[in-house]
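The structure appears below as structure tokens.
Throughout, a chain's letter reflects where its sequence line sits, starting with A, and its residues are numbered from 1. Worth knowing before you read on, the calculation uses all heavy atoms, side chains too, and leaves out hydrogens, waters and symmetry mates.
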Number of protein chains: 2
Amino acid sequence: MSTLDSTLDLERFLPYRLNRVAAVLSEQLREVYGRKFGLTIPEWRVLATLAQLPRSTAREVGRHARLHKTKVSRAVQGLEERRWLSRAENPADRREEFLSLTPLGITTYRAIVPDMSAFEARLCAALGPDDTQAVRHALDRLEQVLGLDGTRPLDGSNGP
Amino acid sequence: MSTLDSTLDLERFLPYRLNRVAAVLSEQLREVYGRKFGLTIPEWRVLATLAQLPRSTAREVGRHARLHKTKVSRAVQGLEERRWLSRAENPADRREEFLSLTPLGITTYRAIVPDMSAFEARLCAALGPDDTQAVRHALDRLEQVLGLDGTRPLDGSNGP
DNA sequence: GCTTGTTAGTTACATTTTCAACTGTCATGG
DNA sequence: CCATGACAGTTGAAAATGTAACTAACAAGC
């Protein structure tokens, strides 16, 4: 099949395949939280992260959600404008602020979650239980190898 | 661990995990073809696709590499400016052009491929043979479920 | 020939993302 | 105290991307 000995077949190249699959899923998901709730991807991630880890700082949110600090900063602004998030300066270190979802933000989040869960459930149903498990295992390993499993130093970004 | 019953744990959410893994790989790869050769992601994909399928049209490249036609158009412009690619109008249908890599383009491609292959080889080595196989299987299934395995109608984009 | 509809590819414009420089705060060491 | 350097977060300008409208070419029916 190769025209050249040194040809790389994109269709078999793991990073490319991963990316393509992730891009399709991302796009489909954006239908849910984007079209329906007017959220950008970083905004949704910040929302979801704060629902899970209330009173995080922007830096912590970025580290957890793997968002560059500028994305976090702008997402926080957007969420704050919509009154879905509030800030509280940390008196012990006035450089940083604790971020929390407002009741309105929590309500929005709760309205989104079932859609997201349903989306994942459909995906898993299509895969079937064995292959769902296989996908999870593959991700476990990839995360370990890439140092994404939490046991890692981490530079504070996910590609800026 | 959940603060709310209706909390979605991002760390366990498949689309999010896939995305994060893909983002890290992408970022690391861009070090190779980006920093070293000044290529954008679409440019690299067009280059790789044309190395594999010479004399494709822009549309064919886009379909194969899953790039929106605007990305293909701009990538082709960029590659042409660098004299890595040339166009030849199809006389049978003057709307489309056959795209080919120039000798210079092929040289560049051949200079990149070993880096890419080495990158993948390192990844697979870190995973070990069994888990590499597991990752490939997981991707096979995901591609099937998402209709990315070539057996699909396809709308000509990968998210524009 | 002359519609009408479709397709390949480009371009214009708005939104997003990136990158670097910046502000204000903390920590350390003189 | 007051450097010096590090760090949290913000901002502006440049680059990339997404969307839609556009041009030019084909194709089918009249």
Polar side chain donor-acceptor pair, A:Asp9 to B:Gln52, under 3.5 angstrom: yes
Distance test, side-chain N/O of B:Gln77 to OP1/OP2 of C:dG9, below 4.0 Å: no
A:Lys36/A:Glu31 ion pair, N-O < 4.0 Å: no
Under 3.5 Å donor-acceptor pair, A:Arg74 side-chain atoms to C:dT18 base atoms: yes
Atom-to-atom span, CZ of B:Arg30 to P of C:dT17 - whole angstrom: 14 Å
Between D:dA6 (C1') and A:Glu96 (CD): distance, integer Å: 14 Å
B:Arg17 with B:Glu11: basic N within carboxylate O range, under 4.0 Å: no
Nearest-nucleotide pick for A:Arg59, side chain only, options being D:dT10, C:dC26, D:dG9: D:dG9
Closest nucleotide among C:dT11, D:dG9, C:dC19 to the B:Ser73 side chain: C:dT11
D:dA24 phosphate, OP1 or OP2, under 4.0 Å from B:Arg95 side-chain N/O: no
Atom-to-atom span, CD1 of A:Ile41 to C1' of D:dA16 - whole angstrom: 14 Å
Nearest to side-chain heavy atoms of B:Asp93, which nucleotide of D:dT19, D:dC26, D:dG12: D:dC26
Side-chain H-bond candidate by donor/acceptor type, A:Gln144 with A:Arg141, under 3.5 Å: yes
Value in whole Å for how far the P atom of C:dA8 lies from CZ of B:Arg63: 10 Å
Selection from C:dC19, C:dT10, C:dT7 that lies nearest to any side-chain heavy atom of B:Lys69: C:dT10
Rounded distance (Å) that lies between atom C1' of D:dT10 and atom CZ of A:Arg94: 17 Å
Phosphate-side-chain proximity, A:Lys71 and C:dT18, N/O vs OP1/OP2 below 4.0 Å: yes
Length of the CD-C1' vector between B:Glu27 and C:dC19, whole Å: 14 Å
Separation of atom CG in A:Leu67 from atom P in C:dT16, rounded to whole Å: 15 Å
Nucleotide C:dA21, atom P - distance to NE2 of A:His68 in whole Å: 13 Å
